[in-house]
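Chain A is the first sequence line, chain B the second, and so forth, proteins listed ahead of strands; every chain is numbered from 1.
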Protein chains: 2
Amino acid sequence: MAKYSQIADEIRKRILAGRYAVDHALPDQGKLAAEFETSRITIKKAIELLVVEGLVYSRQGSGTYVRKNALEMSKLDSKMDEYVGVTHQLADRSTITSQILHFDVRFPTDIEAEKLMLTKTQPVYAIDRLRLLSGEPFLIEHTIMPVEVIPNITKEILLNSIYHYIKGELGLKFGGANQHIRADKPNELDQKYLKCAQDDPVLEIDQVVYLTDGVPFEYSQTRHRYDQGDILVVTINSV
Amino acid sequence: MAKYSQIADEIRKRILAGRYAVDHALPDQGKLAAEFETSRITIKKAIELLVVEGLVYSRQGSGTYVRKNALEMSKLDSKMDEYVGVTHQLADRSTITSQILHFDVRFPTDIEAEKLMLTKTQPVYAIDRLRLLSGEPFLIEHTIMPVEVIPNITKEILLNSIYHYIKGELGLKFGGANQHIRADKPNELDQKYLKCAQDDPVLEIDQVVYLTDGVPFEYSQTRHRYDQGDILVVTINSV
DNA sequence: GAGTGGTCTAGACCACTAG
DNA sequence: TAGTGGTCTAGACCACTCC
């Protein structure tokens, strides 16, 4: 582990423990360099990590200060989903189960081919899953994935976590996502599987998810019951 | 302007112009350092900026490559709202007008005091605005702001942009936000002002917005017509 | 003017990838 | 084994803040 990363860990620990008070300046970079027996550049890099996390901010000519909301930010951080930076506020993720509504392989539609950067002759998986929290349905997921990028999907994988398979078995890394979030009226599927009433709204997330190299591997629509959790977006502006 | 920032601009321009092909490696850091007549550290810092933007990714021992979705990312970037990293997909922002439904000063409720880190005796502004796009209502905004942080709000300011006032007149900088997004059934106000039917869902954003130093300056609920734009969230994972 | 963070350099070594 | 990116150093100068 890099030295600057260890130093960032130590400083973070001190902030959360209250040793560096909220709204007060940290020791200057020179003093920290002396304490950690390293160069000032290394200290600066450690502090940059904390700036990006939203824990501190630096003002040239003045100092580096602990943000007033440092504790809130760190609390939210721990809730963030590891793969999208967006969390569905759930009591307990371990109680999530899946039910496969549909699973086959076919050629992509025009839109699917465009979103996934495919030609019309590169096959895709088409997957519909109902996901349940403690046995109660809370979202329907319609997912398209390129066979070429994510090969050998099985029903066993679908009953567990696709992301776990991609990260664990395939060794691929998640590189980002673009999500469009909107409210909608319930359609027949929502009413049937999510047990929505006619006037129960649904929350839809339409997203494309990319690997580190920018290759798209998932184009999906997820429809949530309106009363089952919300979406959390945390933004940090370090400019 | 810092040299590394200028170099990043130039490399970004080359990528978008197609001079560095998608999915191919950039010249190595040594070659770039020679070309730009600078040190390798400075080149690395420039590349780090591009990594955070989602334009390229680096693999130790191999090289720095242009992401396959580099062009998409840069398109979305230009749509991003400057203050939250979340955009309402609007045809033309310049046609937005506001109507003040309510405006007064009072003491905060318990929840407001907690969200804004205030005591119960520090006054807040309470503002309700209806916002219209080309004359058509598309969202209702309920905003609480601490008088101490954002002083001297007037009706003139409310009819234009509060953010413009905060940035321009007060010289304060936006430092981040936490947003909860959910779908909901329309309430009386939605039906009255947004002209929602009984079964038209609304998209609600509940947010706290912070200044650079972590001081919260806005706690608000925004309710959108479900057929007027969505929310765009862009996530980039550089780890 | 003193003190702070921001940038930049030249050089070194390490970790990793690929042929 | 050669080539790449990642880290780190010591020292320097600049830009900015605050007294």
Within the pair [X] and [N], is there a side-chain N or O less than 4.0 Å away from OP1 or OP2?
X: B/Ser62; N: C/dT17; result: no
X: A/Lys31; N: C/dG3; result: no
X: B/Thr38; N: C/dT9; result: yes
X: A/Lys44; N: C/dG6; result: yes
X: A/Lys45; N: D/dC8; result: no
X: A/Tyr4; N: D/dC8; result: no
X: A/Thr42; N: D/dT7; result: no
X: A/Gln29; N: C/dG6; result: yes

Could you tell me how far apart [X] ([atom1]) and [N] ([atom2]) are, to the nearest whole angstrom?
X: B/Leu32; N: D/dG3; atom1: CG; atom2: C1'; result: 15 Å
X: B/Gln6; N: C/dC8; atom1: CD; atom2: C1'; result: 13 Å
X: B/Glu48; N: C/dT7; atom1: CD; atom2: P; result: 12 Å
X: B/Ile43; N: D/dT7; atom1: CD1; atom2: P; result: 17 Å
X: B/Ile41; N: D/dA10; atom1: CD1; atom2: P; result: 14 Å
X: A/Phe36; N: D/dT9; atom1: CZ; atom2: P; result: 13 Å
X: A/Leu26; N: C/dG5; atom1: CG; atom2: P; result: 9 Å
X: A/Ile7; N: D/dT7; atom1: CD1; atom2: P; result: 13 Å

Side chain of [X]: nearest nucleotide among [options]?
X: A/Thr64; options: D/dT9, D/dG5, C/dG5; answer: C/dG5
X: A/Asp28; options: D/dG11, C/dG5, D/dT4; answer: C/dG5
X: B/Ser58; options: D/dC18, D/dG5, C/dA18; answer: D/dG5
X: A/Gln60; options: D/dC16, D/dG6, C/dA10; answer: D/dC16

Fill in: Complementary nucleotide for C/dG5 - Watson-Crick or wobble, under 3.5 Å
D/dC14
Rounded to the nearest 0.5 Å, what's the gap from [atom1] on [X] to [atom2] on [Y]? Could you check?
X: B/Ile15; Y: B/Leu55; atom1: CD1; atom2: CG; value: 4.5 Å
X: A/Arg131; Y: A/Ile96; atom1: CZ; atom2: CD1; value: 6.0 Å
X: B/Gln179; Y: A/Leu232; atom1: CD; atom2: CG; value: 9.0 Å

Worksheet item: For the base of D/dG6, is there a side-chain donor-acceptor partner from B/Arg40 under 3.5 Å away?
Response: yes
Discussion item. Quick one, B/Ile162 and B/Met145 - any side-chain contact, counting heavy atoms below 4.5 Å?
Written reply: yes
Discussion item. In the structure I gave you, are the side-chain heavy atoms of B/Val56 and B/Tyr65 within less than 4.5 Å of one another anywhere?
Written reply: no
Worksheet, complete the sentence: Comparing nearest nucleotides in DNA chain D, the 5'-proximal residue of the pair A/Ser39, A/Tyr65 is A/Ser39
Fill in: Minimal non-hydrogen separation, A/Glu218 against A/Gln207, with atom names
OE2-NE2, 3.1 Å
